[in-house]
Undergrad: 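Input: one structure, supplied below.
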Amino acid sequence: MNAAQTRGDSATQSPIRLRTDVFDTLAGRLADTEQGRADALDLDRATLWRIRTGRVTPTLDVAMRMASLLGTTVDELFEVTA
(Lines give C-alpha, C1' and ligand atoms only; values in the text may rest on other atoms or scores of the structure.)
Protein backbone atom coordinates (compact mmCIF):
# COMPACT_ATOMS: atom_id res chain seq x y z
CA MET A 1 0.00 0.00 0.00
CA ASN A 2 1.46 3.37 -0.95
CA ALA A 3 1.31 6.59 1.04
CA ALA A 4 -1.60 7.98 -0.98
CA GLN A 5 -3.71 4.94 -0.13
CA THR A 6 -2.95 5.09 3.57
CA ARG A 7 -3.71 8.80 3.81
CA GLY A 8 -6.96 8.56 1.87
CA ASP A 9 -5.90 11.12 -0.72
CA SER A 10 -8.26 11.92 -3.58
CA ALA A 11 -6.26 9.57 -5.83
CA THR A 12 -7.61 6.67 -3.78
CA GLN A 13 -11.22 5.89 -4.56
CA SER A 14 -13.45 3.20 -3.18
CA PRO A 15 -14.78 0.69 -5.73
CA ILE A 16 -18.11 0.84 -3.86
CA ARG A 17 -19.78 4.18 -4.51
CA LEU A 18 -22.84 5.75 -2.96
CA ARG A 19 -25.48 6.59 -5.53
CA THR A 20 -25.76 10.19 -4.49
CA ASP A 21 -28.92 10.85 -6.50
CA VAL A 22 -30.73 8.03 -4.68
CA PHE A 23 -29.22 9.03 -1.34
CA ASP A 24 -30.16 12.70 -1.70
CA THR A 25 -33.74 11.87 -2.64
CA LEU A 26 -34.24 9.46 0.25
CA ALA A 27 -32.16 11.30 2.87
CA GLY A 28 -34.04 14.52 2.16
CA ARG A 29 -36.92 12.95 4.07
CA LEU A 30 -34.69 12.55 7.15
CA ALA A 31 -33.17 16.01 7.33
CA ASP A 32 -32.41 19.12 5.29
CA THR A 33 -28.73 19.42 6.16
CA GLU A 34 -25.71 17.12 5.86
CA GLN A 35 -25.26 17.30 9.62
CA GLY A 36 -28.89 16.33 10.16
CA ARG A 37 -28.57 13.44 7.72
CA ALA A 38 -25.38 12.26 9.37
CA ASP A 39 -27.02 12.42 12.79
CA ALA A 40 -30.07 10.48 11.55
CA LEU A 41 -27.76 7.80 10.12
CA ASP A 42 -25.66 7.70 13.32
CA LEU A 43 -22.54 8.83 11.44
CA ASP A 44 -20.36 11.85 11.87
CA ARG A 45 -20.53 14.41 9.07
CA ALA A 46 -16.94 13.77 7.95
CA THR A 47 -17.60 10.04 7.57
CA LEU A 48 -20.73 10.69 5.55
CA TRP A 49 -18.76 13.08 3.32
CA ARG A 50 -16.04 10.46 2.80
CA ILE A 51 -18.66 7.86 1.84
CA ARG A 52 -20.38 10.35 -0.51
CA THR A 53 -17.14 11.22 -2.26
CA GLY A 54 -15.92 7.62 -2.51
CA ARG A 55 -12.91 8.15 -0.29
CA VAL A 56 -13.93 5.30 2.01
CA THR A 57 -15.89 2.11 1.59
CA PRO A 58 -18.58 1.82 4.23
CA THR A 59 -18.58 -1.34 6.30
CA LEU A 60 -21.36 -3.79 5.58
CA ASP A 61 -22.95 -2.80 8.88
CA VAL A 62 -22.97 0.89 7.93
CA ALA A 63 -24.25 0.21 4.39
CA MET A 64 -27.06 -1.98 5.72
CA ARG A 65 -27.98 0.56 8.43
CA MET A 66 -28.05 3.38 5.87
CA ALA A 67 -30.24 1.37 3.50
CA SER A 68 -32.59 0.30 6.28
CA LEU A 69 -33.02 3.82 7.66
CA LEU A 70 -33.61 5.16 4.15
CA GLY A 71 -36.14 2.43 3.32
CA THR A 72 -34.18 0.92 0.44
CA THR A 73 -31.69 -1.85 -0.28
CA VAL A 74 -27.91 -1.78 -0.27
CA ASP A 75 -28.02 -2.64 -3.99
CA GLU A 76 -30.12 0.43 -4.72
CA LEU A 77 -28.05 2.73 -2.54
CA PHE A 78 -24.56 1.67 -3.65
CA GLU A 79 -22.92 0.65 -6.92
CA VAL A 80 -19.68 -1.12 -7.80
CA THR A 81 -17.48 1.00 -10.05
CA ALA A 82 -14.45 -1.23 -10.45
Side-chain angles (χ1 to χ4, degrees):
M1 185 175 282
N2 68 34
Q5 290 171 320
T6 59
R7 286 194 318 264
D9 290 345
S10 61
T12 304
Q13 292 291 311
S14 170
I16 308 296
R17 298 295 304 261
L18 180 68
R19 292 181 169 163
T20 55
D21 57 333
V22 174
F23 176 79
D24 290 342
T25 299
L26 297 174
R29 300 176 194 156
L30 295 177
D32 294 331
T33 66
E34 283 299 308
Q35 183 64 56
R37 292 172 183 179
D39 291 343
L41 295 169
D42 195 27
L43 298 170
D44 63 60
R45 194 170 56 103
T47 299
L48 181 56
W49 178 81
R50 287 181 190 104
I51 292 170
R52 285 184 63 93
T53 59
R55 288 189 167 65
V56 299
T57 301
T59 63
L60 182 57
D61 179 57
V62 169
M64 290 176 67
R65 184 174 68 236
M66 289 175 71
S68 176
L69 289 170
L70 294 171
T72 191
T73 64
V74 172
D75 289 341
E76 289 293 322
L77 195 56
F78 293 90
E79 64 184 343
V80 177
T81 60

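Just so we're clear, the structure is a prediction, and the values are computed from it rather than from any experiment.
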Undergrad: Residues two or more places apart in sequence or in another chain: which of them pass side chain to side chain donor-acceptor pair (under 3.5 Å) with S68?
TA: none
Undergrad: Just jot down the side chain to side chain donor-acceptor pair (under 3.5 Å) partners of T53, sequence neighbours excluded, or say none.
TA: R55
Undergrad: Suppose the criterion is salt bridge (charged side-chain N to carboxylate O under 4.0 Å, His left out): which pairs have a residue in residues 60-80, not counting sequence neighbours?
TA: R19-E79, D61-R65
Undergrad: Under a single-linkage rule joining Ile, Leu, Val, Met, Phe, Trp and Tyr whose side-chain heavy atoms are separated by less than 4.5 Å, which residues share a cluster with L77?
TA: I16, L18, V22, F23, L26, L30, L41, L43, L48, I51, V56, L60, V62, M64, M66, L69, L70, V74, F78, V80
Undergrad: For D44, enumerate each residue passing the salt bridge (charged side-chain N to carboxylate O under 4.0 Å, His left out) test, keeping only those at least two apart in sequence or located in another chain.
TA: none
Undergrad: How close do G36 and A31 get, heavy atom to heavy atom, and via which atoms?
TA: C-CB, 3.4 Å
Undergrad: Of all residues at least two apart in sequence or in a different chain, which pass the side chain to side chain donor-acceptor pair (under 3.5 Å) check with R50?
TA: none
Undergrad: Considering only heavy atoms from C-beta outward, does the side chain of D24 approach that of R52 to under 4.5 Å?
TA: yes
Undergrad: Is it true that atom CG of D32 has more than 12 heavy atoms of other residues, nucleotides or ligands lying nearer than 6.0 Å?
TA: no
